[in-house]
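Worth knowing before you read on, the calculation uses all heavy atoms, side chains too, and leaves out hydrogens, waters and symmetry mates. Remember, predicted model here, so these are calculated numbers, not experimental data.
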4 protein chains.
Amino acid sequence: MRIGVLTGGGDCPGLNAVIRAVVRKGVSVYGHEFVGFRDGWRGPLEGDTVQLGIRNVRGILPRGGTILGSSRTNPMKIEGGVEKIRENLAASGVDALIAIGGEDTLGVAKQLFERDVKVVGVPKTIDNDLNATDYTFGFDTAVNIATEAIDRLHTTAESHHRALICEVMGRHAGWIALHAGMAGGANVILIPEKPFDIDRVCAYVESRFKTRYAPIVVVAEGAHPIEGQMALQAGELDSFGHVRLGGIGETLAGEIEKRTGKEARTTVLGHIQRGGTPTAFDRVLATRFGLGAIDAVHEGDFGVMVALRGTDIVRAGLDEATRELKTVPIERYREAEVFFG
Amino acid sequence: MRIGVLTGGGDCPGLNAVIRAVVRKGVSVYGHEFVGFRDGWRGPLEGDTVQLGIRNVRGILPRGGTILGSSRTNPMKIEGGVEKIRENLAASGVDALIAIGGEDTLGVAKQLFERDVKVVGVPKTIDNDLNATDYTFGFDTAVNIATEAIDRLHTTAESHHRALICEVMGRHAGWIALHAGMAGGANVILIPEKPFDIDRVCAYVESRFKTRYAPIVVVAEGAHPIEGQMALQAGELDSFGHVRLGGIGETLAGEIEKRTGKEARTTVLGHIQRGGTPTAFDRVLATRFGLGAIDAVHEGDFGVMVALRGTDIVRAGLDEATRELKTVPIERYREAEVFFG
Amino acid sequence: MRIGVLTGGGDCPGLNAVIRAVVRKGVSVYGHEFVGFRDGWRGPLEGDTVQLGIRNVRGILPRGGTILGSSRTNPMKIEGGVEKIRENLAASGVDALIAIGGEDTLGVAKQLFERDVKVVGVPKTIDNDLNATDYTFGFDTAVNIATEAIDRLHTTAESHHRALICEVMGRHAGWIALHAGMAGGANVILIPEKPFDIDRVCAYVESRFKTRYAPIVVVAEGAHPIEGQMALQAGELDSFGHVRLGGIGETLAGEIEKRTGKEARTTVLGHIQRGGTPTAFDRVLATRFGLGAIDAVHEGDFGVMVALRGTDIVRAGLDEATRELKTVPIERYREAEVFFG
Amino acid sequence: MRIGVLTGGGDCPGLNAVIRAVVRKGVSVYGHEFVGFRDGWRGPLEGDTVQLGIRNVRGILPRGGTILGSSRTNPMKIEGGVEKIRENLAASGVDALIAIGGEDTLGVAKQLFERDVKVVGVPKTIDNDLNATDYTFGFDTAVNIATEAIDRLHTTAESHHRALICEVMGRHAGWIALHAGMAGGANVILIPEKPFDIDRVCAYVESRFKTRYAPIVVVAEGAHPIEGQMALQAGELDSFGHVRLGGIGETLAGEIEKRTGKEARTTVLGHIQRGGTPTAFDRVLATRFGLGAIDAVHEGDFGVMVALRGTDIVRAGLDEATRELKTVPIERYREAEVFFG
């Protein structure tokens with residue numbers, strides 16, 4: 001068999017580990033051949049391929065990013081996109097496709113599968129918000145980076161009697177904030193799933209100032225106050241449609257200063273959460289996902305994605321994975337609340 | 001209620017996170033009081049206690065080790081040990097006990113429970129070999145430390161065209177070797193569950209020397225060859241004039257040198273695997289275990305230990321946990337074998 | 001003798017190591033007594049002291065921040081401030097003072113010395129911009145944190161074919177940017193000492209896009225374009241007088257996008273650069289500074305600060321240290337330029 | 001010009017950074033050509049070369065080890081070795097040679113220079129024991145790795161009321177032990193330069209057991225007791241039933257157990273000290289050494305090596321560098337002694 005591989009969406013530590021596992025087992029155990037598509041769906045759309053053999057995947061296990069490149073190109077939004085992909089797959093002699101990506105990438109995979117393309121998905125989201133799997137790789141790395149940053153902020157906050165706000169990733173789900181905040185001993189954790197009451201946040205901050213420890217507020221980028229509180233100021237949009245300035249972290253710091261009279265500072269972790277070498281957990285998970293994906297392809301079990309349940313790698317339908325976002329359940333947030341204030 | 005807390009057995013990153021969670025929730029949510037027992041079962045045996053309130057647990061979340069101290073004292077092996085413990089618990093006014101420890105500590109807990117002591121267990125083993133829970137805290141930290149060490153060994157091995165053997169913890173179960181070896185891109189992984197064939201190990205080593213990468217062998221301290229192989233004794237000189245001493249790592253290096261003619265060196269990671277600050281994964285798991293344990297005590301559900309199943313904290317009978325060791329299943333080892341050689 | 005100790009200005013990894021060394025040697029070798037002043041000059045101004053003995057400094061060596069607290073209180077700007085300090089020192093029975101801090105703190109120390117207060121300084125600036133010493137502690141830690149962040153940004157930038165801008169500390173001197181940029185393999189480094197030409201920056205960025213690597217721009221917060229280029233938009237000032245939004249990093253990313261048509265993203269490292277455990281280099285340097293400071297006090301050599309010259313701890317006049325800022329010399333910048341583009 | 005480059009001796013984090021800087025500046029600024037020799041002096045001895053251009057050095061800055069390979073081959077010990085090298089250099093059209101290595105490698109370089117080979121040296125020793133330079137790259141990385149290990153040992157030692165011995169590199173000079181021990185808050189530091197008195201070591205260990213902290217002994221592999229002390233031989237059983245084998249660390253642990261009755265354990269850090277990614281300090285130093293070396297070659301200043309003096313890169317005669325070892329002066333050891341016990 002000749003199998004195509006692509007990686008789509010935002011990058012994530014562990015992508016290379018998946019690619020390596022797919023190719024190593026595919027070649028040495030099953031005797032398949034591989035072709036890499038560049039930059040997510042742009043690759044098969046434009047027929048942009050790259051060699052992908054044992055040699056190409058040597059040494060990439062500990063490397064962040066993806067040797068195949070990535071993009072947010074969505075063939076569903078392109079006139080005749082799906083047809084073009086089918087043609088290019090055929091032209092490259094590709095029998096089956098392994099698509100590694102998040103909600104969007106897997107959504108395209110699902111639609112291609114419905115149009116008879118043999119495809120297996122590998123779930124990828126640094127935010128851990130994909131349904132049908134206990135964890136996705138990259139998440140543990142992001143949480144460790146954020147936790148280490150929070151560890152560092154503690155001593156600064158204490159020395160200066162300041163509140164420090166740490167803004168982490170998580171537009172729609174607060175998993176990184178929840179885990180990093182819990183691991184970092186945050187004073188308050190704010191997540192998109194639960195609009196916050198700025199008065200309670202300030203009360204927590206003030207009560208912590210009475211100890212010799214200082215308040216650390218961990219806030220997911222998608223968190224927001226309950227309606228009517230805090231006039232959020234949207235920054236200008238840049239030419240790529242992203243907001244340039246002033247996320248929730250900055251707004252919150254301003255509000256805390258205004259209400260408590262204490263100095264507050266914000267650190268926005270940004271891209272360092274998704275780059276660099278993966279943790280051991282993510283390397284093992286990504287490797288096992290890769291092995292599971294090539295097994296599924298070899299067995300002819302298409303239209304599925306691999307998933308983690310407990311300690312087992314299982315398969316789930318692509319539709320299950322993409323049906324809805326996995327958000328933080330209220331019980332998990334309540335666990336963390338024990339440590340607030 | 002007045003609740004005693006102790007930590008027994010070898011130390012493990014995350015013990016302090018458990019203690020903190022128990023006390024924080026116990027005091028602020030349930031209004032209980034706490035007393036710490038020093039050095040595992042020695043504490044209640046000798047009535048050696050220490051204050052344990054909110055103040056004592058501030059700032060300990062990121063610290064390795066245990067503020068309560070530990071020991072391997074086993075009251076079952078002491079004439080009248082159990083009676084003494086019951087008397088001392090009564091004398092300290094302790095209504096219930098939270099015992100944090102491994103197979104031995106939980107075994108004692110089980111026997112105390114059978115003699116009407118109200119006890120809840122928290123599983124702890126850096127080796128991850130306790131039944132009834134998907135993971136134990138400390139394991140992820142150990143695996144990350146070992147993986148980082150293996151990452152470092154790669155470049156040295158390559159530069160010197162040497163085989164490097166990395167001996168990790170795991171007397172009876174090869175979990176650390178399996179995960180760190182998989183995460184570190186080991187050339188061969190040797191675990192106690194599967195006696196190894198030295199000829200195959202050497203074949204793997206030699207085949208790797210043909211690439212520009214060098215062989216890294218990850219070996220659990222309890223790994224051993226199939227019967228009859230490898231008779232090199234401690235104290236012999238090897239072909240490079242080095243004294244070959246100690247554990248399986250050293251013996252293996254000597255054997256590889258003798259059989260392949262290539263230089264081989266061993267690093268024994270030892271105690272650095274179990275010390276220092278826990279990873280985010282272990283901090284979250286340990287914190288959730290602590291919350292689960294104080295919930296069980298508060299609900300009067302004794303004779304159980306907390307456990308992780310998937311992403312949920314559940315309870316399991318103390319007997320289930322201590323009945324047998326959780327070793328590496330052969331399927332998991334086969335996954336790793338794909339990357340050997 | 002009874003010796004006061006204080007830490008002023010922004011916090012810096014290594015402050016606690018200085019305090020520990022001062023007290024350990026002062027008590028055990030010289031038999032002096034110590035008193036800690038809280039929050040920089042606020043302590044002696046208001047007579048706010050804290051116990052400072054061997055016990056108080058145990059275990060603080062690896063901890064970031066300062067157990068004495070810090071502030072930017074400047075007694076020179078307070079009517080009768082110097083007199084008040086002299087009175088409070090006398091009232092606390094303090095014979096001599098060790099002041100650990102940057103330009104401002106040492107400037108005050110110098111003026112107190114001129115008014116007959118026995119004072120020895122220890123230089124502290126994370127920016128490494130203090131004259132008369134080769135390095136200050138905290139700088140190496142900041143550079144390592146920034147370098148690790150840049151390492152992480154590389155893989156993200158490559159995977160997404162994006163320019164990534166990393167904004168580091170350095171309002172008046174570009175030392176952190178220079179060292180972290182050189183260590184991190186930056187494509188361009190921008191420092192306050194040398195106004196940049198936005199056209200050349202964009203040319204470097206574009207030339208890097210032609211390789212399979214992606215451009216990483218490291219920019220000190222105080223860097224700025226040559227006159228007339230790029231309308232810098234000042235953010236609003238908050239109630240503490242700090243600019244809230246939109247530093248040079250964000251402005252630069254917008255400009256690069258506009259001019260090259262390539263996506264650009266900014267990460268502002270912020271406070272994580274100055275918190276947390278110090279590197280070994282900083283722990284050794286801070287410890288040796290502390291030993292040198294207590295030696296100077298013991299020998300009665302006041303009005304000086306300790307300094308590093310090569311591998312030696314020497315003494316320099318407080319005036320020499322505070323006369324002018326140590327900026328990056330053009331030759332050092334030229335070294336780095338070899339790797340631009 | 002056509003310039004050869006080789007790396008000899010034990011590997012060291014930063015070797016690749018030197019090679020990269022040499023090639024980047026050599027090609028892009030000076031327009032020279034390069035050829036790599038494999039495995040130290042074996043390369044020019046056997047005429048074993050490898051391509052070395054801008055492309056080959058891309059991405060290697062953060063990588064440990066050496067892309068050129070290394071060996072301990074000494075042409076001086078080979079009949080006609082020097083002649084062969086001169087012939088092979090001529091055959092490869094090499095006009096000048098940059099030799100990166102320690103005492104042995106630079107000793108050969110010196111002798112080649114005396115026989116009219118145009119050679120510039122770059123000092124390399126992880127042990128920091130080369131004369132004529134303040135620091136060598138690799139040393140800071142080793143010290144940080146050892147310090148992190150010591151940090152981890154503290155919590156284990158405290159929890160178990162054990163002495164922990166950490167054996168670090170340093171056969172003839174105790175620099176790593178001194179710096180890591182000072183940075184790690186060691187209870188005692190033992191170095192080759194100063195034979196230790198086992199009675200005093202045990203007294204320090206016992207006095208630390210009286211605090212809640214535990215003794216950490218940092219010992220250089222080349223440290224040894226004063227004459228006549230400690231006769232425990234490899235292979236004996238100690239009082240805890242453990243076989244005591246191997247280096248000074250193990251011997252010392254046995255002796256401490258026997259004399260104090262307290263449990264003692266040893267960790268031998270070994271090869272992890274010299275592998276993996278370099279610290280920022282080492283990357284900058286190695287890069288500047290590389291730039292300095294190619295400048296010397298370009299200027300025709302041969303028979304020298306580059307060196308660090310304060311913050312400057314200077315040149316020193318190859319003979320000065322190799323004349324004697326730079327050991328730890330007694331004043332530096334005395335600084336550390338303040339913290340013993």
Side-chain angles (χ1 to χ4, degrees), chain B residues 7 9-13 15-16 38-40 60 63-72 141 145-146 148-162 164-167 212 214 233-235 243-247 249-250 265-278, chain D residues 7 9-13 15-16 38-40 60 63-72 141 145-146 148-162 164-167 212 214 233-235 243-247 249-250 265-278:
Chain B
T7 53
D11 75 323
C12 215
L15 287 168
N16 283 328
R38 276 189 203 277
D39 301 343
I60 68 173
R63 280 188 62 81
T66 161
I67 57 165
L68 297 176
S70 189
S71 75
R72 299 196 185 273
T141 304
I145 293 170
E148 203 193 305
I150 298 168
D151 281 357
R152 292 196 174 277
L153 296 179
H154 273 286
T155 53
T156 283
E158 286 162 32
S159 303
H160 287 284
H161 318 293
R162 255 181 205 161
L164 282 175
I165 288 87
C166 183
E167 186 183 311
R212 78 171 187 82
Q233 288 306 310
V243 185
R244 283 289 167 213
L245 301 167
E250 281 294 349
R265 288 281 167 277
T266 297
T267 294
V268 181
L269 290 187
H271 288 89
I272 55 169
Q273 291 165 90
R274 67 184 328 137
T277 195
Chain D
T7 55
D11 74 324
C12 215
L15 286 168
N16 283 327
R38 279 190 201 276
D39 301 343
I60 68 172
R63 282 189 61 80
T66 159
I67 57 165
L68 297 177
S70 189
S71 75
R72 299 195 185 276
T141 303
I145 292 170
E148 203 193 305
I150 297 167
D151 281 356
R152 292 196 173 275
L153 294 179
H154 273 286
T155 54
T156 283
E158 286 163 32
S159 304
H160 287 284
H161 318 293
R162 255 181 207 163
L164 281 174
I165 288 86
C166 183
E167 185 182 312
R212 78 170 187 82
Q233 288 307 308
V243 185
R244 283 290 166 213
L245 302 167
E250 280 294 348
R265 288 279 167 281
T266 297
T267 294
V268 181
L269 289 187
H271 289 88
I272 56 169
Q273 291 164 90
R274 68 186 326 140
T277 195

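A distance of 13.0 Å separates CZ in Arg265(D) from CG in Leu153(D), rounded to the nearest 0.5 Å. If you take NE2 on His271(B) and OG1 on Thr155(D), they are separated by 11.5 Å, rounding to the nearest 0.5 Å. Once rounded to the nearest 0.5 Å, the distance linking CZ of Arg72(D) with NE2 of His160(B) reads 6.0 Å. Interatomic distance, Ile165(D) CD1 to Glu250(D) CD, rounded to the nearest 0.5 Å: 8.5 Å.
Chain D forms the most heavy-atom pairs under 4.5 Å with one residue out of Thr277(B), Leu269(B), Val268(B), Thr156(B), and that residue is Thr156(B). Contact count versus chain B (heavy atoms, under 4.5 Å) is highest, among Ser71(D), Ser70(D), Pro13(D), for Ser70(D). In terms of heavy-atom pairs under 4.5 angstrom with chain B, the leader among Thr7(D), Ile145(D), Leu68(D) is Ile145(D). Most heavy-atom pairs under 4.5 Å with chain B, from the set Gly270(D), Gly40(D), Gly69(D), Gly64(D): that is Gly64(D).
Residue Ile150(D): no heavy atom, backbone or side chain, is found under 4.5 Å from chain B. Contacts between Asn16(D) and chain B at a heavy-atom distance below 4.5 Å are absent for every atom of the residue. Residue Ile67(D): no heavy atom, backbone or side chain, is found under 4.5 Å from chain B. For His154(D), no part sits under 4.5 Å from any heavy atom of chain B, backbone or side chain. Only the side chain of Arg162(D) comes within less than 4.5 Å of a heavy atom of chain B; its backbone N, CA, C and O stay farther away. Of the atoms belonging to Leu164(B), it is side-chain heavy atoms, and not backbone ones, that fall under 4.5 Å from chain D. With a threshold of 4.5 angstrom between heavy atoms, Thr267(D) approaches chain B through side-chain atoms but not through N, CA, C or O.
No side-chain donor-acceptor contact under 3.5 Å links Asp151(B) to the backbone of Gly276(D).
For the 3.5 Å distance criterion, the side chains of Asp11(D) and Thr66(D) fail to qualify, holding no donor opposite an acceptor.
His161(B) places a side-chain heavy atom less than 4.5 Å from the side chain of Asp39(D).
Residues passing the side-chain hydrogen bond (donor to acceptor under 3.5 Å, both in side chains) test with Arg152(B): none are found, sequence neighbours excluded.
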